[in-house]
Amino acid sequence: MNTLERFLDYVTYDTQSDPTVETVPTTAKQKVLGQRLVNDLKEIGLQDAYMDEHGYVYASLKGNTEGKKAVGFVAHMDTSPDYSGYNVKPVILNNYDGKDIVVNGEVVTAVKDYPELAQYVGKTMVVTDGSTLLGADDKAGVAIILSAMEYLVNHPEVPHGDVHVGFTPDEEVGLGASLFDVKGFHCDFAYTVDGGAVDCIDYENFNAAHAVVTVQGNSIHPGSAKDKMVNAIHVAEEFDAMLPVQQRPEHTSGYEGFYHLMQFNGTVDGVTLEYIIRNHSREQFEQMKSFMMQCTRHMQKRYTTDTITTTITDTYYNMKECFAGKEEVVEYARRAIS
């Protein structure tokens, strides 16, 4: 089975994670793909492959050359909870012509919106039919790692140290690394194979936090609501308007941080807002979180303390902080793709 065939197979597994669940994995269906991957790893010759109780899949290939470092490759099995990953119907575009991508008579991806499509002219592309996520994030990475390991198994003349594989659940909801067995992975360093251009190497990322803002309203019959009603929807809108418009993702790029309102749910009686906060700079990241709490305190004074509450939880930090004195790990990756 080649990489494309593997990928087309893996995207048929519905592996959406769930941000409302705190157990790992957040959805049991991720383990279904996990078990499939264990079977596939064993089939290509990695007999120590297994899945732990939390849905993490591990396997390894013994090195064939002395003095080589142990390296790991990691990818995640889950897909985003933002859109359906059920009954995925991938569409294969052979020899892509550079035009708008049309599926079932409807333009699903326009060149004017995605000029980067020009670099894929003449290549084979796999796209969604528009009704679901495709799941390339990160089942493409999973398929690539499987094929790479199969190549190493079948070509023992290629010198290498110990090579380890790790497939994780719940990356899309920020829990992918939470129960990863780093010590048991036995690697000197590892690379994540995830979304991006073929020649792209990422060794820094946003600091990330998740914020939940809860607004408690007071629903009174509108005929007698004067000076009594507290419309939670309006309070929530007022809170969101306090956050800088120019720090929304639709107005930022590169290293610029942002507040991203992910969900706005509720009624007059109560509203919940969910945000993600991102910034490469740790100092600015802390300032952004502090500002959101200042906005909360302002709203509490304007209404009452019980009207609005905000809980902010750090999700992950910029991995660049870990690379001080270990720059050769990035250089290895650069040499590999050159």
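Computed from a predicted model, the values in this text were never measured in an experiment.
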Hey, what do you get for [atom1] ([X]) to [atom2] ([Y]), rounding to the nearest 0.5 Å?
X: Leu61; Y: Leu46; atom1: CG; atom2: CG; result: 6.0 Å
X: Ile92; Y: Thr124; atom1: CD1; atom2: OG1; result: 8.0 Å
X: Met1; Y: Ser147; atom1: CE; atom2: OG; result: 9.5 Å

For a 4.5 angstrom cut-off between non-hydrogen side-chain atoms, does [X] reach [Y]?
X: Pro244; Y: Phe291; answer: yes
X: Val126; Y: Leu8; answer: yes
X: Asp188; Y: Val71; answer: no
X: Thr296; Y: Phe239; answer: yes
X: Met292; Y: Tyr259; answer: yes
X: Thr272; Y: Phe264; answer: no
X: Phe167; Y: Leu41; answer: yes
X: Arg302; Y: Val235; answer: no

Do [X] and [Y] belong to the same hydrophobic cluster, where Ile, Leu, Val, Met, Phe, Trp and Tyr are linked whenever their side-chain heavy atoms lie under 4.5 Å apart, directly or via other members?
X: Ile144; Y: Tyr13; value: yes
X: Val103; Y: Val111; value: yes
X: Val153; Y: Ile145; value: yes

(request) Evaluate side chain to side chain contact (heavy atoms under 4.5 Å, CB included) for Ile337 paired with Ile201, printing each intermediate quantity in order. (result) CA-CA 9 Å; Ile337 67 172; Ile201 300 172; 3.6 Å; yes

(request) Go through the steps to decide whether Ser60 and Asp162 satisfy the test side chain to side chain contact (heavy atoms under 4.5 Å, CB included), and finish with yes or no. (result) CA-CA 7 Å; Ser60 64; Asp162 293 345; over 6 Å; no

(request) May I have the step-by-step check of side chain to side chain donor-acceptor pair (under 3.5 Å) for His54 and Asp52, ending in yes or no? (result) CA-CA 5 Å; His54 302 294; Asp52 70 13; 5.7 Å; no

(request) Determine the interplanar angle of the Phe285 and Tyr317 rings, folded into 0 to 90°, and report it as parallel if under 30°, tilted if 30 to 60°, perpendicular if over 60°. (result) perpendicular

(message) Suppose the criterion is salt bridge (Lys or Arg N to Asp or Glu O under 4.0 Å): which pairs have a residue in residues 22-39, not counting sequence neighbours?
(response)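 Residue pairs with at least one partner in residues 22-39: Asp9-Arg36, Asp14-Lys29, Arg36-Asp40.
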
(request) If a pair satisfies salt bridge (Lys or Arg N to Asp or Glu O under 4.0 Å) and one of its residues is in residues 243-268, list it, with sequence neighbours excluded. (result) Asp240-Arg248

Answer yes or no: does atom [atom1] of [X] have more than 12 heavy-atom neighbours from other residues, nucleotides or ligands under 6.0 Å?
X: Glu66; atom1: CD; result: no
X: Glu331; atom1: CD; result: yes
X: Glu116; atom1: CD; result: yes

Less than 3.5 Å apart, any donor N or O on the side chain of [X] or [Y] sitting next to an acceptor on the other?
X: Lys139; Y: Thr15; answer: yes
X: Thr20; Y: Asp18; answer: yes
X: Glu43; Y: Asn39; answer: no

Verify, without hydrogens or angle tests, whether [X] (side chain) and [Y] (backbone) share a donor-acceptor contact under 3.5 angstrom.
X: Asn2; Y: Leu4; value: yes
X: Ser290; Y: Glu286; value: no
X: Gln300; Y: Ile308; value: yes

ring-ring contact (aromatic ring centres under 6.0 Å, His included) with [X]: which residues, sequence neighbours excluded?
X: Phe206; result: Phe258, His280
X: Tyr332; result: Phe189
X: Tyr58; result: Tyr50, Phe180

(request) Run the numbers on Glu171 and Asp138 for side chain to side chain contact (heavy atoms under 4.5 Å, CB included), then give the verdict. (result) CA-CA 9 Å; Glu171 186 270 354; Asp138 185 27; over 6 Å; no

(request) Mind listing the closest non-hydrogen atom pair of Asp129 and Ser131 along with its distance? (result)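 Smallest heavy-atom distance, with atoms named: OD1-OG, 2.7 Å.
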
(request) Work out which heavy atom in Tyr191 is nearest to a heavy atom in Val329; give both atom names and the distance. (result)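 Smallest interatomic distance, heavy atoms only, reads OH-O, 2.6 Å.
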
(request) Output, in order, the C-alpha distance, side-chain angles, deciding distance and verdict of side chain to side chain donor-acceptor pair (under 3.5 Å) for Asn265 and Gln263. (result) CA-CA 6 Å; Asn265 298 309; Gln263 293 191 49; 3.0 Å; yes

(message) If the threshold is 4.0 Å, N to carboxylate O, is there a salt bridge linking Lys289 and Asp314?
(response)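 Yes, this pair counts.
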
(request) Check the pair Glu238, Tyr303 against side chain to side chain donor-acceptor pair (under 3.5 Å), reporting the backbone distance first and the verdict last. (result) CA-CA 12 Å; Glu238 186 178 344; Tyr303 295 94; 2.8 Å; yes

(request) Tell me, with the steps shown, if Gln30 and Thr27 meet side chain to side chain donor-acceptor pair (under 3.5 Å). (result) CA-CA 6 Å; Gln30 294 179 69; Thr27 55; 2.9 Å; yes

(request) Show the numbers, then the answer: is there a side chain to side chain contact (heavy atoms under 4.5 Å, CB included) between Thr192 and Phe73? (result) CA-CA 6 Å; Thr192 295; Phe73 294 97; over 6 Å; no

(message) Give me each pair satisfying side chain to side chain donor-acceptor pair (under 3.5 Å) with a member in residues 200-228, each pair once, sequence neighbours excluded.
(response) Glu204-Tyr255, His210-Glu274

